[in-house]
*Asks:* 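Quick one: the structure is below, and I'll ask about it shortly.
Whatever order the structure lists them in is the order used to number ligands and atoms, beginning at 1.
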Amino acid sequence: MMDTETLPATDAGLARAAGLLRGGALVAFPTETVYGLGGDARNDRAVAAIFAAKGRPSFNPLIVHLPDLAAARTVAVFDARAEAVAAAFWPGPLTLVLPLRVEAGISPLVTAGLATVAVRVPAHPVAQGLLRAFGGPLAAPSANPSGKVSPTRAAHVLAGLAGRIAAVVDGGDCAVGVESTILGLEGAPALLRPGGVTVEALEAVLGAPLVAGGSEVRPNAPGQLASHYAPGAAVRLEVTRPEAGEVWVGFGDCPGAALSLSEAGDPVEAAARLFHILREADAMAGPEGRIAFAPVHEAGLGRAINDRLRRAAAPRG
Ligand code: AMP
Ligand code: MG
């Protein structure tokens with residue numbers, strides 16, 4: 001358990017918060033929708049710590065928060081439709097799912113290994129101030145333990161996450177209180193989640209109806225993400241004795257393993273490395289090869305790691 005600082009929404013408070021974020025720590029902050037739990041989106045360990053603090057049982061992708069459209073363009077590819085809705089609704093409670101710019105260095109844990117990224121420019125002055133003081137992209141899901149109600153004031157954040165995060169910036173009550181609308185623009189415009197910006201307002205700007213339901217990445221829909229995560233190689237789990245020809249990926253003490261999620265058996269380190277290791281093991285094994293993962297304890301972040309590994313091992317159709 002750590003002491004969680006409550007920081008004022010002053011220049012000094014925001015400078016302190018930005019310093020904590022640069023050091024890889026987690027800071028909750030107000031947006032116009034709900035309080036977000038921020039971490040450096042380019043830092044694998046910071047992003048892994050977000051999942052650990054929230055107790056999320058799966059690595060569903062996170063929204064990247066940026067100070068303005070120019071900053072968002074460095075992280076995602078904007079087409080004419082994306083430019084139009086951004087001009088109309090940013091800063092504001094609208095998240096866009098767009099093709100990822102790989103060169104931006106966003107952690108694959110933020111995108112859950114997808115080729116798309118969710119980006120948003122919040123309107124709240126404290127969120128704006130923090131993003132500018134920090135000077136980089138912040139991954140920020142709602143600042144509540146997984147499965148609990150989203151927080152709309154600093155006291156709610158502390159009730160759920162005190163002792164698990166470095167600080168919360170107290171900016172009073174959130175105005176909107178519901179999450180951002182998520183609009184997918186990879187193909188036909190799709191409403192991935194209803195929220196602070198209405199469908200009617202989006203359709204008016206796009207000049208086209210939204211495709212309903214869409215393909216929001218839901219953590220609990222089994223196999224939904226499998227194709228994005230599945231290595232070309234065949235994957236076996238819970239392996240303590242690898243077979244000849246398998247690339248063995250260890251966790252903890254695994255003498256002879258080709259790779260390791262974490263030699264120390266640290267689940268936060270394992271989560272931070274997970275997508276990098278999946279890629280590396282796949283390259284080592286080759287398309288006809290086989291990968292064998294050592295068991296990871298099914299507790300805390302281990303649950304999310306095992307969820308992802310099970311998807312990687314699932315039979316493909
Ligand atoms: P939260 O973490 O509570 O702010 O929720 C973030 C939402 O954004 C989740 O519903 C995710 O599934 C969705 N999301 C984030 N990134 C993507 C993406 N690349 N594609 C589709 N949905 C996404
Ligand atoms: Mg949430």
*Asks:* With a cutoff of 4.0 Å, is Asn60 in contact with ligand 1, counting heavy atoms of the residue only?
*Replies:* no

*Asks:* Any atoms of ligand 1 less than 4.0 Å from a non-hydrogen atom of Ala118? List them with their elements.
*Replies:* 15 (C), 16 (N), 17 (C)

*Asks:* Take Arg273 and Asp266 through the salt bridge (charged side-chain N to carboxylate O under 4.0 Å, His left out) test and state the conclusion after the steps.
*Replies:* CA-CA 11 Å; Arg273 303 184 60 177; Asp266 170 10; over 6 Å; no

*Asks:* Please confirm whether Thr111 approaches ligand 1 to less than 4.0 Å, judged on its heavy atoms.
*Replies:* no

*Asks:* Checking side-chain hydrogen bond (donor to acceptor under 3.5 Å, both in side chains) against Thr31, which of His65, His124, Arg120 comes through?
*Replies:* Arg120

*Asks:* Just go through Arg56, Lys54, Arg120 and tell me whose heavy atom is the nearest to atom 1 (P) of ligand 1.
*Replies:* Arg56

*Asks:* Check side-chain hydrogen bond (donor to acceptor under 3.5 Å, both in side chains) between Ser107 and all other residues, then give those that pass, not counting sequence neighbours.
*Replies:* Asp44

*Asks:* What closest approach, in Å, do Lys54 and Pro141 show between heavy atoms, and which atom pair accounts for it?
*Replies:* CD-CG, 3.6 Å

*Asks:* If you measure from the Lys or Arg side-chain nitrogens to the Asp or Glu carboxylate oxygens, is any gap between Asp307 and Arg311 under 4.0 Å?
*Replies:* yes

*Asks:* Quick one: list whatever passes salt bridge (Lys or Arg N to Asp or Glu O under 4.0 Å) with Glu200, sequence neighbours left out.
*Replies:* none

*Asks:* The Mg ion (ligand 2) to Asn144: any N/O/S contact under 2.8 Å?
*Replies:* no

*Asks:* Using a 4.0 Å heavy-atom cut-off, say whether Thr116 meets ligand 1 through its side chain, its backbone, both or neither.
*Replies:* both

*Asks:* For ligand 1, which atoms sit closer than 4.0 Å to a heavy atom of Ile182?
*Replies:* 7 (C), 8 (O), 13 (C)

*Asks:* Given Asp68 and Arg132, is the salt bridge (charged side-chain N to carboxylate O under 4.0 Å, His left out) satisfied, shown in steps?
*Replies:* CA-CA 9 Å; Asp68 52 37; Arg132 286 176 200 283; 3.7 Å; yes

*Asks:* Counting heavy atoms only, which part of Glu179 comes closer than 4.0 Å to ligand 1: side chain, backbone, both or neither?
*Replies:* neither

*Asks:* Looking at ligand 1, would His65 count as a contact under a 4.0 Å heavy-atom criterion?
*Replies:* no

